[in-house]
Colleague: 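Got a structure for you, questions after.
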Amino acid sequence: MMEPNDWRLHGQERYLTDAQLRKATWKAPNPKWNHDHCEFCFAKFSEQDGDLHEGYSTEGGKQWICEQCFQDFRETFHFTLVE
Ligand SMILES: [Zn+2]
């Protein structure tokens, strides 16, 4: 559940409200870019063992959100899950 002053919130409503997200496996977009972080809790996505491999991404894989944060914030942010 989300708390009103959840530590993970730091202005994401400016760019993630009504976001259309797709469940995806994280893949390096280019050889120099080897990880991303969850927009909320900073959990790391990469192709390495021990990091997250699956999450929810915005169009073009620009932003990533982990499973837990997606569940916690989907109602507040009106996330839409697209196939
Ligand atoms: Zn997260």
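Heads up: numbering here begins at 1 and tracks the sequence. Whatever order the structure lists them in is the order used to number ligands and atoms, beginning at 1. All values below were derived from every heavy atom in this structure, side-chain atoms included, with hydrogens, water molecules and symmetry-related copies excluded.
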Colleague: How long is the gap from CG on Asp6 to OG1 on Thr76, to the nearest 0.5 Å?
Modeller: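 One gets 9.0 Å once the value is rounded to the nearest 0.5 Å.
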
Colleague: Show me, pair by pair, the donor-acceptor contacts under 3.5 angstrom made by side chains of residues 39-46, not counting sequence neighbours?
Modeller:
residue: Glu39; atom: OE1; partner: Tyr15; partner atom: OH; Å: 2.7
residue: Ser46; atom: OG; partner: Gln48; partner atom: N; Å: 2.8
residue: Ser46; atom: OG; partner: Asp51; partner atom: OD2; Å: 2.7

Colleague: For Lys27, check salt bridge (Lys or Arg N to Asp or Glu O under 4.0 Å) against everything at least two apart and list the hits.
Modeller: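 If we apply the salt bridge (Lys or Arg N to Asp or Glu O under 4.0 Å) test to Lys27, skipping adjacent residues, there are no hits.
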
Colleague: Check salt bridge (Lys or Arg N to Asp or Glu O under 4.0 Å) between Glu59 and all other residues, then give those that pass, not counting sequence neighbours.
Modeller: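 By the salt bridge (Lys or Arg N to Asp or Glu O under 4.0 Å) rule, Glu59 matches Arg22.
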
Colleague: Short of 2.8 Å from the Zn ion (ligand 1), name each protein N/O/S atom, waters not counted.
Modeller: Cys38 SG, Cys41 SG, Cys66 SG, Cys69 SG

Colleague: Answer with yes or no whether the hydrophobic clustering places Val82 together with Phe70; edges join I, L, V, M, F, W, Y residues whose side-chain heavy atoms lie under 4.5 Å apart.
Modeller: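 Hydrophobic grouping puts Val82 apart from Phe70.
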
Colleague: For Glu75 and Phe73, indicate whether the former's side chain and the latter's backbone hold a donor-acceptor pair under 3.5 Å.
Modeller: no

